[in-house]
Amino acid sequence: MSVASGQALHAALLRLLRRPRSSRRCFQRIHALLLTSGLTVDSFAAADLAALLPACLPPPAAFATINHIHRIRRYRFPLLFNSLISGYARSDRPNLGIAVYKTMLADGIFPDHYTFPVVLKSCIEFSGVAEAKQIHGASVKLCFASDLFVQNALVHVYAICREYDDARVLFDEMPLRDVVSWTGLISAYVKGGLYREALQLFSSMDVARNAATFVSILVACGRFGDLNGGQMVHALVLKHECGLNLVAGNALLDMYLKCESLAEAKQIFDELPERDIVSWTSFISGLVQCKQPEQAIDMFASMRASGVEPDNVTLSSVLSACASLGSLCSGRWVHEYIHRNGIKWDVHLGTALVDMYAKCGCLDIALNTFSEMPFKNVSSWNAVIGALAMHGHGREALGYFEQMVGIGMNPNEVTFLAILSACSHSGLVEEGRCSFNLMTESYNLPPWIEHYGCMVDLLGRTGLLEEAYKLIQTMPMRPDVHIWGALLGACKAHGNQDLLQEILNHLLKLEPHETGVYVLLSNAYAARGRWADVTRVRKLMRQKGIKKETGISIVEVDGEAHKFVVGELQNLQEDILVASYTLDKLLQLDDL
DNA sequence: TTAGGGTTAG
């Protein structure tokens, strides 16, 4: 075979292997060609192919292929194994990367300085710190511990596994650090939620930052809602010579959205030189988080119109938009789209479906969807418990909680919000008290202000006003307008005038710019017929330029959504065909 | 060969 035809064949094989659904039979033919063509003589061409094997072959076949090439060519060096490990580290089965590493050692092939970074990447994705420590030991034994790439990978893996002290010692003792050393540690801090540490490291960098560094720190700013910090990093990015690549542009976009700065996000989005599925999905999910579900659906339609098809991540956010709108027909459309287009199922998508069906009134379908989920995480359990809570099935919600604990799934703070809300909606006072205590006593979860809010609501609804007031006085944080509002509502319902006056005094001491305070005050005065005070509060609001945001409820009936303005049902009922509009948007583009 | 972007529950 000539060199030219060999190269052409190599290119053709790579193209075939890169196809997402290369069949096994197809691969066998490729493999036969590969061996007979002599291409495996070129070890780098073979290494390229080895890295692609995990994506298209089951592990035994991939492994057999490498062994076959090794036997035929009598290789005794680790190049092909490194490639295979790297392929697995990037696949959804990174544990196989570690298996390849172990087999390689057992076969008497020594790892080199390329092996350690790739096998450590497999540890990050799969097995954790115990395996990483063993690999660290092996790297020292084989004299690769002073290699910069190996050190960078070790610092990163220890920090990702939350072994921050070990990571920091290794980092501090490095004789030479490059931008990857710094960014590797910063990104691990960000993933672990150590925002301050990440920021501190970012400011003390003594090498030039690059796009990856900016991306990691932008993620941190977004996650912590630090708009000022994000804007400062934005300015640094603009000053930096590397320019704005797609990943950095997307990170900026997402930062602005997470900080709920829609105008700046829109500007970034408009100015992006190109947009990929991440740009669109960031925008869609950002709009949902900013409580703009209708705009999110519009954006989804624009995305499809531009020729970008959604994946499982996009559709999770779209389902969340449908849930916020209460739009069952749109949610069903997404469900069918997933089936029709063979979208990859994952726990996010399943959880979003459970939530969507529950919020659109279909509790039975939500429960069925949940039971059919092959893998459930704590969020999935929270979604199903929340579903039962919002439908008033308190006892069943508690039953699911027991099941969850029974299988060894640890509840988190959100689980207890769902449980307390279930107890509140079903009047289960004693169960609520027990759950509230369980949080701290058994799970070491200090209650958030929202948990106190649920408890005040639960106690207040059943007339236990004094107990609710005492609980507020024991709170470790300052009670906000929602806490006082919950007690105020209970006082009005149970006619306790003395406590009501006391609450009004507390409300007046709260943050003067808090809109809710004025609304509560005004409503409370109105309920007591003190119209002069009502006028005084309203005037004060006008003077301060405070405008009450209108609460809205959407209820879908026979595919038509009706929007209600909260608290003013008789006067301001508006029928807006939100769901039909939404569905039309989706259907228009269905045949694209 | 090592570091970087979007997802669910509240």
Side-chain angles (χ1 to χ4, degrees), chain A residues 47 51 78-79 82-83 85-86 89 111-121 124 144 147-157 159-160 178-188 190-191 209-219 222 245-255 257-258 276-286 288-289 310-320 323 346-356 358-359 370 373 376-387 389 411-418 420-421 448 450-451 454:
Chain A
L79 174 67
N82 292 346
S83 261
I85 295 168
S86 170
D112 61 10
H113 63 290
Y114 285 90
T115 314
F116 293 107
V118 289
V119 74
L120 285 168
K121 195 179 168 77
I124 288 174
F144 290 110
D147 180 273
L148 180 63
F149 278 70
V150 176
Q151 287 175 340
N152 284 349
L154 281 167
V155 167
H156 185 64
V157 74
I160 286 283
D178 67 0
V179 64
V180 180
S181 330
W182 289 89
T183 308
L185 189 54
I186 290 172
S187 71
V190 174
K191 286 200 175 92
R209 296 152 179 151
N210 67 10
T213 327
F214 290 125
V215 167
S216 279
I217 212 71
L218 283 168
V219 171
N245 67 19
L246 180 60
V247 176
N250 286 344
L252 261 175
L253 170 68
D254 196 59
M255 181 276 294
L257 287 161
K258 292 230 161 59
D276 65 0
I277 192 165
V278 177
S279 329
W280 287 100
T281 306
S282 289
F283 216 151
I284 291 167
S285 69
V288 178
Q289 282 157 27
D311 64 4
N312 50 334
V313 181
T314 321
L315 293 172
S316 300
S317 285
V318 175
L319 279 171
S320 180
D346 65 13
V347 69
H348 303 286
L349 210 43
T351 305
L353 266 176
V354 170
D355 185 58
M356 182 277 294
K359 287 187 176 145
F370 177 78
M373 283 172 70
K376 304 167 177 98
N377 66 11
V378 62
S379 299
S380 326
W381 284 94
N382 293 348
V384 78
I385 293 170
N412 65 13
E413 290 91 342
V414 180
T415 321
F416 282 99
L417 281 179
L420 293 175
S421 151
W448 297 342
E450 290 89 344
H451 295 99
C454 283

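Just so it is clear, the structure is predicted and the values come from calculations on it, not from any experiment. Chain letters run A, B, ... following the sequence lines, proteins first, then strands; residues in each count from 1.
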- Query: Is any side-chain N or O of A:S187 closer than 4.0 Å to OP1 or OP2 of B:dG4?
  - Reply: yes
- Item | Nearest-angstrom distance from the residue atom CH2 of A:W381 to P of B:dG10 | 17 Å
- Round to the nearest Å and state the distance from A:F214 atom CZ to B:dA3 atom P. 19 Å
- Item | Residue-phosphate contact under 4.0 Å: A:T314 side-chain N/O, B:dT7 OP1/OP2 | no
- Item | Check: A:S216 side chain, B:dG4 base, donor-acceptor under 3.5 Å | no
- Query: Under the 3.5 angstrom rule, does the side chain of A:S187 hit a backbone N or O of A:G184 as a donor-acceptor pair?
  - Reply: yes
- Item | From B:dG4, B:dG10, B:dA3, nucleotide with atom closest to A:K121 side chain | B:dA3
- Query: Rounding to a whole Å, what distance do you find between A:I284:CD1 and B:dG6:P?
  - Reply: 15 Å
- Euclidean distance, atom CZ of residue A:F416 to atom P of B:dA9 [Å, nearest integer]: 20 Å
- Item | B:dG4 phosphate, OP1 or OP2, under 4.0 Å from A:K191 side-chain N/O | yes
- For A:L246, answer base if it contacts any base atom (sugar-phosphate contacts may also be present), sugar-phosphate if it contacts only those atoms, and nothing otherwise; contact means non-hydrogen atoms under 4.0 Å. base
- Message: side-chain contact (heavy atoms from CB on, under 4.5 Å), that's the test. Do A:M373 and A:V347 meet it? Break it down for me.
- Response: CA-CA 8 Å; A:M373 283 172 70; A:V347 69; 4.0 Å; yes
- Are A:S379 and A:N382 linked by a side-chain donor-acceptor pair shorter than 3.5 Å? no
- Out of B:dG6, B:dA9, B:dG10, which has the shortest distance to the side chain of A:W448? B:dG10
- Closest to the A:H348 side chain: B:dT7, B:dG6, B:dT1? B:dT7
- Is the distance from OP1 or OP2 of B:dG10 to the nearest side-chain N or O of A:K359 less than 4.0 Å? yes
- Length of the CG-C1' vector between A:N82 and B:dT2, whole Å: 13 Å
- Task: Spell out, as yes or no, whether a donor-acceptor pair under 3.5 Å connects the side chain of A:H451 to the backbone of A:E413.
- Result: yes
- Query: Quick one: does A:D276 reach the base of B:dG6 with a side-chain donor-acceptor pair under 3.5 Å?
  - Reply: no
- Query: Considering all heavy atoms of both residues, which atom of A:D112 and which atom of A:N82 are nearest to each other, and what is their separation?
  - Reply: OD1-ND2, 3.0 Å
- Taking the side chain of A:S379 as its heavy atoms from C-beta onward, which of B:dT1, B:dT7, B:dT8 lies nearest to it? B:dT8
- Item | Any N/O donor-acceptor pair, A:T351 side-chain to B:dT8 base, under 3.5 Å | yes
- Task: Indicate, with a heavy-atom threshold strictly under 4.0 Å, whether A:D112 touches base, sugar-phosphate, or nothing.
- Result: nothing
- Item | A:K258 side chain, from C-beta outward: closest of B:dA3, B:dT1, B:dT7 | B:dT7
- Query: Any donor-acceptor pair under 3.5 Å joining the side chain of A:N210 to the base of B:dA3?
  - Reply: yes
- A:S216 side chain vs A:T213 backbone, donor-acceptor pair below 3.5 Å: no
- Task: Considering just the side-chain nitrogens and oxygens of A:K376, establish if one lies under 4.0 Å of OP1 or OP2 belonging to B:dA9.
- Result: no
